[in-house]
Amino acid sequence: MNDLNAIVESAQAAFAQAITPADLENAKALFLGKSGRITELMKGMAALTVDEKKSRGATINLAKQAIEAALTDRRQALADAEMQAQLRAEALDVTLPGRQSGQGGLHPVSLTMERIEAIFGSMGFDVAQGPEIESDWFNFTALNTPEDHPARSMHDTFYVEGGSETAPNLLRTHTSPMQIRYAVQHVKKYSSKANGGEGQGLFSGDMPEIRVIAPGRTYRVDSDATHSPMFHQCEGLWVGENVSFKDLKFVFTDFCRTFFESDDLVLRFRPSFFPFTEPSAEIDIQFQSGPLAGRWLEVAGSGQVHPNVIRNMGLDPEKFIGFAFGMGPDRLTMLRYGVNDLRLFFDGDVRFLSQF
Ligand code: PHE
């Protein structure tokens with residue numbers, strides 16, 4: 001019995017010393033393995049009598065069970081310790097502030113575009129989109145700017161390879177081609193309902209007024225603090241039977257006051273020249289208070305649509321009259337937010353952009 005107790009105790013001690021599962025399996029082999037101490041004792045019983053075998057066998061079995069129990073306990077203890085270590089290693093501090101997922105936002109110029117669309121939309125203007133690669137016809141000729149007209153070189157046009165007078169051959173230098181594109185579609189739609197429309201001839205029947213804005217990207221060979229080779233414009237066109245400069249002044253004043261959230265703002269028309277409008281005017285605004293107070297700021301070109309342009313829309317200039325304007329959303333954005341370098345808008349610096 002004593003020898004067995006000693007074996008059980010030394011097994012317990014060996015198991016306690018094992019600190020990895022492999023250690024423990026090695027320790028187990030010393031006692032329960034093929035030539036382990038218990039196994040050797042079993043083998044040693046061969047010489048005993050049947051009765052002796054019974055009693056000796058029973059005590060050896062008790063010792064074996066004690067060793068197995070110690071082994072199971074130690075296995076469990078090691079597994080628990082491993083689990084605890086793993087949990088500690090993977091611990092999350094749930095009290096740490098969360099990592100923010102980077103949230104994007106609209107570009108300041110996009111915010112301005114949306115604002116322009118919403119304001120003119122509320123005044124009954126449609127919003128139209130057009131191609132950025134244009135043909136001479138829409139960008140110049142149809143807008144009363146024939147070939148060799150100085151305005152063509154004034155625009156510093158980017159030309160693209162291929163193309164022709166009517167096939168796209170340049171990057172549009174302004175959004176004014178949309179005047180023609182939109183008006184032609186509009187006239188087509190209503191002249192086919194034929195109340196005075198002669199098919200090929202100029203339309204002089206009844207139609208709803210043309211009221212549209214066309215925002216988008218425009219291009220010119222130009223680059224400094226206030227000019228970017230890619231910039232934005234928003235065209236406006238209002239054509240009907242009785243539309244005048246006073247309507248333009250009313251609409252544009254209303255737009256500017258809403259856009260800048262200030263009734264403290266006045267407008268002036270300064271005589272100018274554009275081939276596609278006659279008379280033409282620059283629109284300047286002046287804030288009566290705030291950081292920009294007192295300075296005249298140019299925000300748009302405008303004018304009464306030239307009869308030749310009305311004709312190119314398919315309309316009879318004896319009957320239809322209207323005005324057009326083209327404004328710079330980039331400049332409006334600079335004025336609204338107090339930004340003084342246009343290039344900041346196109347550098348893509350998140351530190352700048354995330355302020356809007
Ligand atoms: N297209 C002109 C420009 O780019 C602006 C303009 C539009 C002027 C419509 C008059 C009427 O400068």
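Values in this document were obtained by computation on a predicted structure and should not be read as measured data.
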Kindly indicate, with the supporting measurements, whether the criterion side chain to side chain contact (heavy atoms under 4.5 Å, CB included) is fulfilled by I67 and Q12.
CA-CA 7 Å; I67 291 171; Q12 285 166 339; over 6 Å; no
R56 vs D51, test: salt bridge (charged side-chain N to carboxylate O under 4.0 Å, His left out). Steps then yes/no.
CA-CA 8 Å; R56 181 67 176 159; D51 281 351; over 6 Å; no
List the steps and the verdict of ring pair (Phe, Tyr, Trp, His ring centres under 6.0 Å) for H174 and F276.
CA-CA 12 Å; H174 51 179; F276 34 91; 5.5 Å; yes
Would you sort out whether L237 and F325 count as a side chain to side chain contact (heavy atoms under 4.5 Å, CB included), showing the intermediate values?
CA-CA 7 Å; L237 179 68; F325 55 86; over 6 Å; no
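Classification of E68 and R75 as a salt-bridged pair fails, no side-chain N sitting under 4.0 Å from a carboxylate O. The pair R37-E40 does not count as a salt bridge, with every side-chain nitrogen at least 4.0 angstrom from each carboxylate oxygen. Ion pairing between D254 and K249 fails under the 4.0 Å rule for side-chain N and carboxylate O. With respect to the salt-bridge test (charged N to carboxylate O, under 4.0 angstrom), the residues R115 and E261 qualify. Between R220 and D222, none of the side-chain N atoms (NZ, or NE/NH1/NH2) sits under 4.0 Å from a carboxylate O, so this pair counts as no salt bridge. D80 and R74 are not joined by a salt bridge, as no carboxylate oxygen comes within less than 4.0 angstrom of a charged side-chain nitrogen. We find that E298 and R270 are joined by a salt bridge, their nearest charged nitrogen and carboxylate oxygen being less than 4.0 Å apart.
I321 and L315 are not part of a single hydrophobic cluster, where members link through side-chain heavy atoms under 4.5 Å apart. Residues V266 and V299 do not share a hydrophobic cluster, clusters being chains of Ile/Leu/Val/Met/Phe/Trp/Tyr side chains in contact below 4.5 Å.
T277 has its side chain out of reach of Q304: every pair of non-hydrogen atoms, C-beta onward, lies at least 4.5 Å apart. You'll find the side chain of I116 reaches within 4.5 Å of the side chain of I213, heavy atoms only. Looking at heavy atoms from C-beta onward, I133 lies in side-chain contact with V160 at the 4.5 angstrom threshold. Residues I210 and W238 fail the side-chain proximity criterion, which asks for heavy atoms closer than 4.5 Å. The closest side-chain heavy-atom distance from H186 to V239 is not below 4.5 Å.
Judged by distance alone, the side chain of D247 and the main-chain N or O of S244 form a donor-acceptor pair under 3.5 Å. No donor-acceptor distance shorter than 3.5 angstrom exists from the side chain of T175 to the backbone of P215, with no hydrogens or angles considered. Without hydrogens or angle criteria, H107 side chain to F345 main chain gives a donor-acceptor distance under 3.5 Å. Without hydrogens or angle criteria, Q17 side chain to A14 main chain gives no donor-acceptor distance under 3.5 Å. T59 places a side-chain N or O within donor-acceptor distance of the main-chain N or O of S55, the cut-off being under 3.5 Å. One N or O on the side chain of T218 and one on the backbone of F231 form a donor-acceptor pair closer than 3.5 Å. Between the side chain of T157 and the backbone N or O of Y159, no donor-acceptor pair lies under 3.5 Å. Judged purely by atom type and a 3.5 angstrom limit, Q185 has no side-chain atom pairing as donor or acceptor with the backbone of R181.
For R172 and F138, the positive end is not near the middle of the six-membered ring at less than 6.0 Å and at most 45° from its axis. Geometrically, R336 engages F259 in a cation-pi contact defined by less than 6.0 Å to the ring centre and at most 45° from the axis.
For F203 and Y190, the ring centers sit 6.0 Å or farther from each other.
Note on ring orientation: taking the six-membered ring where Trp is involved, the planes of F15 and F31 are perpendicular (angle over 60°, cut-offs 30° and 60°). Note: F356 and F352 have perpendicular aromatic rings, judged against thresholds of 30 and 60 degrees for the angle between ring planes. Relative orientation of the H149 and F273 rings is parallel, given thresholds of 30° and 60° on the angle between their planes.
Using modelled atom types, one finds a donor on one side chain and an acceptor on the other under 3.5 Å when comparing Q286 with Q288. Using modelled atom types, one finds a donor on one side chain and an acceptor on the other under 3.5 Å when comparing E235 with S176. Side-chain contact, N139 with T173: a donor N or O sits under 3.5 Å from an acceptor N or O. Under 3.5 Å, the side chains of D126 and Y182 contain a donor-acceptor pair of N or O atoms. With no hydrogens or angles considered, no side-chain donor-acceptor pair links D136 and T141 at under 3.5 Å.
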Using a 3.5 Å cut-off and no angle test, enumerate the donor-acceptor pairs between side-chain atoms of residues 88-99 and protein atoms at least two apart in sequence or in another chain.
from	atom 1	to	atom 2	distance (Å)
D93	OD1	T95	N	2.9
D93	OD1	T95	OG1	2.5
D93	OD2	T95	OG1	3.4

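With F269 as reference, S302 is the one residue of P279, S302, S280 to meet the side chain to side chain contact (heavy atoms under 4.5 Å, CB included) rule. Checking each of F250, F260, F120 against F255 for a side chain to side chain contact (heavy atoms under 4.5 Å, CB included) leaves exactly one that passes, namely F120.
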